[in-house]
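Quick one: this structure, given as structure tokens, is what I'll be asking you about.
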Amino acid sequence: SISEKTIKILWGRAAGICSHPECNTELTSLVENGNYTTGEMAHIIGKKESAARGIPGGGSNEYENLILLCPT
């Protein structure tokens with residue numbers, strides 16, 4: 001699994017914004033009835049060999065292999 005430290009680095013370095021170059025959607029919301037996040041962490045190289053972007057041995061759960069994206 002992805003460590004808490006790596007999750008914090010990913011969200012912090014992305015500044016809570018979708019990392020797709022043409023998107024820039026804010027991935028957090030502060031509302032009266034509770035704050036929430038909509039961002040999704042994704043592997044750049046698939047975690048499993050059989051994933052769409054998989055490689056032999058699979059990709060890591062480290063920051064360098066993760067990206068923060070909006071649900072769109």
Side-chain angles (χ1 to χ4, degrees):
S1 71
I2 302 169
S3 72
E4 186 174 335
K5 178 182 175 182
T6 299
I7 292 170
K8 287 180 180 182
I9 291 170
L10 181 62
W11 276 87
R13 301 281 312 263
I17 306 262
C18 179
S19 294
H20 188 284
E22 297 172 9
C23 184
N24 294 321
T25 298
E26 288 188 32
L27 302 176
T28 60
S29 221
L30 307 176
V31 294
E32 268 185 47
N33 57 352
N35 306 327
Y36 63 94
T37 61
T38 57
E40 298 180 10
M41 297 179 292
H43 288 88
I44 297 166
I45 297 172
K47 178 68 180 153
K48 297 180 180 179
E49 290 183 26
S50 61
R53 297 173 315 281
I55 60 170
S60 75
N61 282 331
E62 299 302 318
Y63 169 77
E64 295 77 17
N65 189 42
L66 297 169
I67 189 167
L68 187 63
L69 299 169
C70 69
T72 307

Item to check | salt bridge (charged side-chain N to carboxylate O under 4.0 Å, His left out) against E4, all qualifying residues, sequence neighbours excluded | outcome: K8
Item to check | M41 and L68, any side-chain heavy atoms less than 4.5 Å apart | outcome: yes
Item to check | Sidechain-backbone polar pair: S29 side chain, Y36 backbone, donor-acceptor under 3.5 Å | outcome: no
Checklist entry - Looking only at heavy atoms, which two atoms of C23 and C70 are closest? And how far apart? => result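 Smallest interatomic distance, heavy atoms only, reads SG-SG, 3.6 Å.
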Checklist entry - Does I7 share a hydrophobic cluster with L66, counting links as ILVMFWY side-chain heavy atoms below 4.5 Å and allowing steps through other members? => result yes
Checklist entry - According to a 4.5 Å side-chain heavy-atom criterion applied to Ile, Leu, Val, Met, Phe, Trp and Tyr, with indirect links allowed, do L27 and I9 form part of one hydrophobic cluster? => result yes
Checklist entry - Among pairs that include at least one residue of residues 43-52, which meet side chain to side chain donor-acceptor pair (under 3.5 Å), considering only residues two or more places apart or in two chains? => result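 Sorted pair list: H43-N61.
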Checklist entry - What pairs with T6 under side-chain hydrogen bond (donor to acceptor under 3.5 Å, both in side chains), at least two apart in sequence or on another chain? => result S3
Next on the checklist: Is the shortest side-chain heavy-atom distance between I17 and E26 below 4.5 Å?
Outcome noted: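 With C-beta onward as the side chain, the pair touches.
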Checklist entry - Does CZ belonging to R13 count more than 12 external heavy atoms closer than 6.0 Å? => result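 Count not over threshold, so no.
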Checklist entry - With hydrophobic residues grouped by side-chain heavy-atom distances under 4.5 Å, do I44 and L69 end up in a single group? => result yes
Item to check | Single-linkage hydrophobic cluster, 4.5 Å side-chain cutoff, I2 and W11 together | outcome: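 In one cluster with I2: W11, yes.
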